[in-house]
Amino acid sequence: MIPLCLSFCVSLLTGFSLASIILAWQRKSYIHLLLQLCLAVGLGFGISSSLYFIHLFYGPSTVKLAVMETGLLISLFPLFLYLSSTLTNRISFDSAEKPVITSVYRRILLAGFSCTLVSAFITFLLRSLILPHGGWDAWQTWNLFARFLYRGGDRWREGFSTLLNPHHPDYPLLIPAAIARCWQYIGHETQVVPVITAGLFTFATIGLLFSSLSVLKDKNQALLAGIILAGTPNFIILGSMQYADVPLSFFFLAALVLCSLQDRMPENPNFSLLAGIMAGFSCWTKNEGFLFLLSMILAQVVIINVVNTRKRYMRLLALFISGAAPIMALILFFKWNIVPANDLISGQKFNTTLSKLTNLPRYLLIMKSFLLTTLYIIPIVPLLAFYVVYYKIDSRNNDKRILLLLPLTLFSMFVGYFFVYLITPYDLKWHLDTSFSRLLMQLWPSVIFTFFLLARTSEEALAESRNIR
Amino acid sequence: MISYLPIFRDILLYPEKLRVEDISRYEKRFEAAKGTLPGHGVIGYRSDCSDMSNINCIARFYLAQYALSPIILDRSPEQTLILGNFRNAATVQDKLSDDVVKLLMDSGNGVKLYLMDGK
């Protein structure tokens with residue numbers, strides 16, 4: 001039990017210390033602490049899994065791994081303590097101006113959020129008890145890779161054979177390496193590790209959504225957003241099935257949250273650096289992360305060309321890329337040296353790809369599937385669309401960057417997914433049926449965040465209509 | 001909360017519906033074979049459920065792979081050492097009969113190890 005707790009604590013402490021050092025903000029309330037704790041989950045697992053992967057090249061050994069991890073933690077800790085002691089000199093963070101809200105409304109929302117969160121937690125727990133090995137993709141891919149890394153010893157590279165996983169032999173290793181790392185510390189395999197890992201990512205995503213909107217918008221919007229995400233059974237079920245789509249959704253959300261915090265706090269450019277690190281870790285989680293990283297860079301390039309403060313945004317983009325660069329170097333090394341080619345890319349032939357691109361029924365099938373699956377899995381979407389049409393976008397936000405960055409990134413992601421389906425070497429209907437609902441969940445927390453950050457609250461709309469009169 | 005009611009109902013009333021296979025129990029079938037198999041490498045795989053368009057056959061293959069990792073299972077006929085994974089423990093006649101020279105191990109629960117001829 002103690003090694004199990006220690007292995008998770010070392011990860012989380014590393015993530016928390018690094019987040020403190022990079023962000024260097026003055027935490028004003030428990031909400032700021034919650035936000036930082038949630039960021040620490042992804043950051044901690046990302047760093048630990050990367051270190052575990054690097055240590056494999058020196059021959060798997062618990063001592064070597066412990067030396068590497070504690071060495072990093074010890075080197076971070078004095079810096080963390082120094083920054084904590086000089087809190088008064090640090091940049092403080094002002095939350096958005098809060099509209100006056102009746103306490104009854106707040107209490108109703110708080111009760112709703114608490115009930116939904118408890119229901120989500122019970123669902124996660126019961127399903128994890130019934131399915132400790134997770135769903136199909138978990139035991140066929142993520143936990144299987146974790147077993148190869150842990151059981152394989154010096155021959156861990158054999159796990160990347162096309163015989164083992166002909167469909168996705170090149171999947172990156174954040175989740176398998178994080179699990180194998182804990183097993184190595186504990187000294188044996190236990191399904192508790194993947195269950196806790198999945199649980200931390202699932203509930204850290206909800207926590208991140210709630211805390212970031214509390215800081216950036218207001219607590220009522222944050223509670224509403226939390227209710228919607230925690231009340232999406234498909235998201236919680238995917239989490240309990242130990243699928244990597246939920247950790248991926250965490251990293252997507254974290255990168256977008258940090259970019260939004262950057263705009264609210266222009267004095268400290270490190271938010272962009274940390275956003276880049278989170279986007280990099282999304283690539284280390286699943287291949288869809290590459291599309292996300294590209295989408296975020298493209299969106300920032302577009303913004304640089306439409307805003308006046310070009311120099312400042314170019315600097316932020318450079319910091320974002322610098323954050324992602326070390327992780328990308330690790331991933332490129334992994335893809336170049338360890339694994340076979342990606343199935344979706346290697347399966348392409350010029351003539352067949354061209355014929356797929358000019359095949360209208362394929363476009364229609366994808367559009368139909370996107371629409372029907374979205375409405376089936378997230379029936380609240382039309383209500384959100386109606387809300388934004390009725391209450392409109394929050395135009396008080398005078399920074400164009402965030403108004404453009406979030407929708408542009410998400411739009412690019414959907415367009416990217418559309419084209420991946422269009423040219424898929426697999427049967428299109430099968431590919432859509434077996435994967436689109438998961439892709440939707442990858443983006444769902446980010447969509448909720450974008451919606452509640454950009455849409456006006458009912459109180460803001462009401463106040464404006466009174467002013468007009 | 002309402003959105004979770006059907007899930008609570010399914011979990012509490014029909015937990016068996018949620019399981020593709022009781023993985024922990026299924027893994028135990030391979031315990032005896034694990035003791036005989038080498039620690040690493042590729043071995044062959046044969047089953048009486050070999051239609052890889054059938055979801056149950058796919059699940060049985062990948063669950064066997066999950067249980068036996070870091071050994072890699074190969075469905076092609078190229079391997080000398082073959083793992084037989086049969087649903088019926090009493091299966092005697094199987095598709096291997098033409099090539100088999102030696103039955104190395106029979107765990108009694110449908111999991112068998114064979115050495116192949118002419119390799």
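Hydrogens, waters and symmetry mates play no part in the numbers below; they use all other heavy atoms, side chains included. So you know, we letter chains A, B, ... as the sequences are listed, proteins then strands, and number each from 1.
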Any side-chain heavy atom of [X] sitting closer than 4.5 Å to one from [Y]?
X        : Y        : result
B:Ser24  : A:His133 : yes
A:Trp136 : B:Ile55  : yes
A:Phe148 : B:Ile72  : yes

- Heavy-atom contacts under 4.5 Å, residues 29-37 of chain B to chain A: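 So far as heavy atoms go, B:Lys34 are the residues that approach chain A to under 4.5 Å.
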
Using non-hydrogen atoms and a 4.5 Å limit, figure out which bit of [X] sits close to chain B: side chain, backbone, both or neither.
X        : result
A:Ile236 : side chain
A:Leu117 : neither
A:Ala230 : backbone

- Item | Minimal non-hydrogen separation, B:Ser69 against A:Arg151, with atom names |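 Where B:Ser69 meets A:Arg151 most closely, the heavy atoms are O-NH1, 2.6 Å.
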
- Message: On a heavy-atom basis, which atom in B:Pro70 and which in A:Gly152 lie closest, and how many Å separate them?
- Response: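 Closest heavy-atom pair between B:Pro70 and A:Gly152: CB-CA, 4.1 Å.
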
- Message: Could you check whether atom CZ of A:Phe57 has more than 12 heavy atoms from other residues, nucleotides or ligands sitting under 6.0 Å from it?
- Response: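 Count over threshold, so yes.
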
- Query: Which of the residues B:Leu73, B:Val42, B:Ile58, B:Ile71 is involved in the greatest number of heavy-atom pairs with chain A at under 4.5 angstrom?
  - Reply: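 Top count of heavy-atom pairs under 4.5 Å with chain A: B:Ile58.
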
Which value, rounded to the nearest 0.5 Å, describes the distance between [X] atom [atom1] and [Y] atom [atom2]?
X        : Y        : atom1 : atom2 : value
A:Ile130 : B:Asp22  : CD1   : CG    : 11.5 Å
B:Tyr66  : A:Thr141 : OH    : OG1   : 11.0 Å
A:Trp139 : B:Leu63  : CH2   : CG    : 3.5 Å

- Message: Could you work out, with salt bridge (charged side-chain N to carboxylate O under 4.0 Å, His left out) as the rule, every residue matching A:Arg147, not counting sequence neighbours?
- Response: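 In terms of salt bridge (charged side-chain N to carboxylate O under 4.0 Å, His left out), with neighbours along the sequence ignored, A:Arg147 is linked to A:Glu189, B:Glu27.
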
- Report the residues that fulfil salt bridge (charged side-chain N to carboxylate O under 4.0 Å, His left out) with A:Asp433, sequence neighbours left out, ordered by chain and then residue number. A:Lys429

- Name all residues meeting the ring pair (Phe, Tyr, Trp, His ring centres under 6.0 Å) criterion together with A:Phe121; count only those two or more places apart in sequence or in a different chain, and write none if there are none.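 Residues passing ring pair (Phe, Tyr, Trp, His ring centres under 6.0 Å) with A:Phe121: A:Phe203.
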
